[in-house]
Amino acid sequence: MIDFHCHLDLYRDPAAVIRRATAAEVGVLSVTTTPTAWAGTSRLAEGSSLVRTAAGLHPELAHRRLHELPELVELMGQTRFVGEVGLDGQTRSSEERAAQTTVLEAVFAAAAAQGGRIVSVHSRRAVTPVLERIEQHRSRFAAIMHWFAGTERELHRAVEAGCWFSVNEQMLRSVKGRDLAAKMPPGRVLIETDGPFASDGTDPLEPADLHRAASMLASIWIVEEKAAVELIELNEGVLLK
Ligand code: MN
């Protein structure tokens with residue numbers, strides 16, 4: 001299995017996190033929050049065939065780091081993986097919201113032009129404006145809605161737009177998260193930790209914990225854990241082909 005949204009560079013000991021992921025045979029999509037972090041974060045992946053690094057600019061940093069947008073678009077020429085990018089509806093300032101939109105629209109346009117890109121998308125309280133922008137590009141890149149928390153209607157719209165969904169343990173511990181996961185087409189579901197931001201209640205989640213989220217998905221799908229893992233891996237294969 002692959003953890004499709006993990007901030008490896010933000011753990012206290014990323015090397016130990018990678019060692020435990022490798023022992024658990026779990027792959028990692030290592031997302032970044034600024035283009036500046038990309039070089040150092042990709043170095044963490046050196047020597048590990050299970051880690052891939054994504055180029056990103058987190059919406060909460062878009063305003064302060066807008067000048068790094070050209071660097072992000074350039075990095076997107078070096079990697080197929082993009083993230084974390086998106087919009088955040090909790091942002092109050094209209095200036096900050098405008099910066100988020102500028103970044104997201106430029107990233108989506110570049111992803112559509114470059115082809116084959118896989119983009120991990122943040123959409124907290126901003127699902128509809130994010131989907132409007134995904135729809136403009138008609139599946140010219142693969143959008144993964146990370147920690148999707150929209151309405152059921154927005155979920156259907158995201159499915160229609162061709163989106164994938166990466167769900168995590170913290171999300172699946174809430175009634176709303178489980179309810180949404182149950183309504184996602186199983187063939188579009190991926191798995192993530194969002195570590196070290198998401199936790200198991202005490203400690204930050206890490207890729208080696210992924211089997212717990214798989215087991216929670218198995219109970220939602222009413223299948224054995226092994227069957228859930230097989231389906232998740234099948235989905236990963238379809239996405240990465
Ligand atoms: Mn994240």
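First listed ligand is number 1; within each ligand, the first listed atom is number 1. Note that the coordinates shown come from a computational prediction; the quantities given were computed from them, not determined experimentally.
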Side chain to side chain donor-acceptor pair (under 3.5 Å) contacts in which one or both residues fall within residues 197-210, not counting sequence neighbours: Arg20-Glu206

Heavy-atom side-chain contact between Leu231 and Trp221 under 4.5 Å: yes

Side chains of Phe148 and Met184 in contact at under 4.5 Å (non-hydrogen atoms): yes

Polar side chain donor-acceptor pair, Ser120 to His5, under 3.5 angstrom: yes

Expected output: side-chain Arg80 to main-chain Ile118 donor-acceptor under 3.5 Å: no

Side chain proximity check, Val238 to Trp164, heavy atoms < 4.5 angstrom: yes

The Mn ion (ligand 1): protein N, O or S atoms [distance under 2.8 Å]: His5 NE2, His7 NE2, Glu84 OE1, Asp194 OD1

